[in-house]
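To start, the structure under review is shown below, and the notes come after it.
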Amino acid sequence: MNERHSTLRDQRRAETQRMIQAHAVRLFVRHGYEGTTVNDVAAAAGVSPMTVYRHFPTKEDLVLADQNGPLVAERIAATPAGQPLVRRIGTALVESARTLTAGDDRFLLARLRLMISTPALRARHLDNHHLLQQAIVNGLGDEATDPDAAFRAAAAASACLAVMHTALVRWAQDDGRTDLPGLITTALAAAFGDDTPRPQ
């Protein structure tokens with residue numbers, strides 16, 4: 001019974017987070033990031049400012065927080081261990097992008113544009129880059145427990161994430177009209193050649 005209550009509580013928490021973030025991004029797009037306060041977000045979402053801060057400790061988190069790390073780590077863990085690191089990581093990034101854009105890709109596009117255009121968010125985006133890099137290394141599990149293996153994995157992850165960022169910027173410039181997984185695949189192929197994911 002406790003496990004069921006815990007699952008329901010987690011679901012409600014995730015729903016509240018999504019609702020607050022959706023209102024925040026809408027207000028940031030409409031009134032500007034600097035022109036919108038956490039109190040404005042709380043009022044639009046129908047919750048207290050304390051509730052907003054409980055789910056998003058900083059204003060930047062209202063844009064930057066996502067579940068991409070666990071999604072990518074899950075995809076990495078499912079890739080064959082014998083493949084080159086760059087192909088495994090690239091495949092996980094492409095598949096994650098396919099999952100994310102299968103839902104509300106306009107929301108993803110709005111968040112991305114805010115990250116690109118807002119100096120405070122660009123600076124914090126580097127923190128997210130590091131967290132995603134660590135999620136990738138963690139997704140490799142026992143394969144990255146050796147310090148040298150972990151170093152190689154972190155280097156490959158960092159390189160793949162830099163390439164993905166280039167694809168994300170292009171996708172934002174195209175107003176989301178281009179297929180994002182395809183853009184990431186093309187960018188990875190340009191950077192790494194034969195070690196990259198095969199187009200699907």
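For the numbers below, each heavy atom of this structure counts, side chains included, while hydrogens, waters and symmetry mates do not.
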Taking Arg122 for its side chain and Ile116 for its backbone only, find out whether a donor-acceptor pair lies under 3.5 Å. yes

From CA spacing to verdict: side chain to side chain contact (heavy atoms under 4.5 Å, CB included), Leu180, Leu168: CA-CA 7 Å; Leu180 180 57; Leu168 287 169; 3.8 Å; yes

Shared hydrophobic cluster for Leu188 and Leu71 (ILVMFWY, side-chain gaps under 4.5 Å):
yes

Taken to the nearest 0.5 Å, the spacing of Ile184 CD1 from His165 NE2 works out to 12.0 Å

For the pair Asp146 (side chain) and Ala149 (backbone), establish whether a donor and an acceptor sit closer than 3.5 Å, ignoring hydrogens and angles. yes

*Given the rule that I, L, V, M, F, W and Y join up when any side-chain heavy atoms are under 4.5 Å apart, are Val52 and Leu114 in one cluster?*
yes

Q: Indicate yes or no for a side-chain donor-acceptor contact from Arg170 to the backbone of Leu183 under 3.5 Å, with no hydrogens or angles considered.
A: no

Salt bridge (charged side-chain N to carboxylate O under 4.0 Å, His left out) filter on Asp148, not counting sequence neighbours, yields none

Would a distance-only check, ignoring hydrogens and angles, find a side-chain to backbone donor-acceptor pair under 3.5 Å from Arg124 to Glu60? no

Between Ala73 and Ala135 the two heavy atoms that sit nearest each other are CB-O, 3.4 Å

query: Can any side-chain N or O of Thr185 pair as donor or acceptor with the backbone N or O of Pro181 at less than 3.5 Å?
result: yes

Q) Any side-chain heavy atom of Asp66 within less than 4.5 Å of one from Leu108? A) no

- Side-chain (Trp171) to main-chain (Asp179) donor-acceptor, under 3.5 angstrom: no

Would Thr101 and Asp105 count as a side chain to side chain donor-acceptor pair (under 3.5 Å) if you check the C-alpha gap in whole Å, the side-chain angles of each, and the deciding distance to 0.1 Å?
CA-CA 5 Å; Thr101 54; Asp105 63 350; over 6 Å; no

Path from Leu64 to Val72 over hydrophobic side-chain contacts below 4.5 Å:
no

Q) Is it the case that one hydrophobic cluster holds both Val86 and Val137, taking links as side-chain heavy atoms less than 4.5 Å apart, direct or via other members? A) no

CD (Glu95) and CD1 (Ile76) are apart, to the nearest 0.5 Å, by 9.5 Å

In terms of heavy-atom contacts, Arg88 and Ala81 come closest through NH1-CA, 3.6 Å

Checking the side chain of Asp174 only, and the main-chain atoms of Gly176 only, is there a donor and an acceptor separated by less than 3.5 Å? no

Taken to the nearest 0.5 Å, the spacing of Leu161 CG from His129 NE2 works out to 4.5 Å

Q: Could you check Leu132 against Met164 for side chain to side chain contact (heavy atoms under 4.5 Å, CB included), going step by step and ending with a plain yes or no?
A: CA-CA 12 Å; Leu132 188 50; Met164 184 179 74; 4.2 Å; yes

For this session: Take Thr51 and Ser48 through the test side chain to side chain donor-acceptor pair (under 3.5 Å) and record every step on the way to the result.
Result: CA-CA 5 Å; Thr51 298; Ser48 70; 3.0 Å; yes

Here the gap from Gln133 atom CD to Ile89 atom CD1, rounded to the nearest 0.5 Å, amounts to 9.0 Å

Review point. Any donor and acceptor pair, going by atom type alone, linking the side chain of Thr37 with main-chain N or O of Asp40 inside 3.5 Å?
Key: yes

So NE2 of His55 and CE of Met50: to nearest 0.5 Å the spacing works out to 12.0 Å

Practice task
Count the heavy atoms of every other residue, nucleotide or ligand shown that sit under 6.0 Å from NE2 of His31, and state whether that count exceeds 12.
Solution key: yes

Between Tyr53 and Val63, is there shared hydrophobic-cluster membership here, with clusters defined by ILVMFWY side-chain heavy atoms closer than 4.5 Å? yes

Show me the donor-acceptor pairs within less than 3.5 Å that the side chains of residues 15-30 make with the rest of the protein, sequence neighbours left out.
| unit_1 | atom_1 | unit_2 | atom_2 | d |
| --- | --- | --- | --- | --- |
| Thr16 | OG1 | Arg12 | O | 2.9 |
| Gln21 | NE2 | Leu62 | O | 3.1 |
| Gln21 | NE2 | Ala65 | O | 2.8 |
| His23 | ND1 | Arg26 | NH2 | 3.0 |

Evaluate side chain to side chain contact (heavy atoms under 4.5 Å, CB included) for Leu112 paired with Phe107, printing each intermediate quantity in order. CA-CA 9 Å; Leu112 179 59; Phe107 175 70; over 6 Å; no

Value for OG1 (Thr118) from CD (Glu34), rounded to nearest 0.5 Å, stands at 7.5 Å

Candidate pair Val47 and Val41, rule side chain to side chain contact (heavy atoms under 4.5 Å, CB included), full reasoning | CA-CA 9 Å; Val47 299; Val41 173; over 6 Å; no

On the ring face of Tyr33, is Lys59 found with NZ or CZ under 6.0 Å from the centre and within 45° of the axis?
yes

**OP:** For the residue pair Cys160 and Phe192, establish whether any side-chain heavy-atom pair is separated by less than 4.5 Å.
**Re:** yes

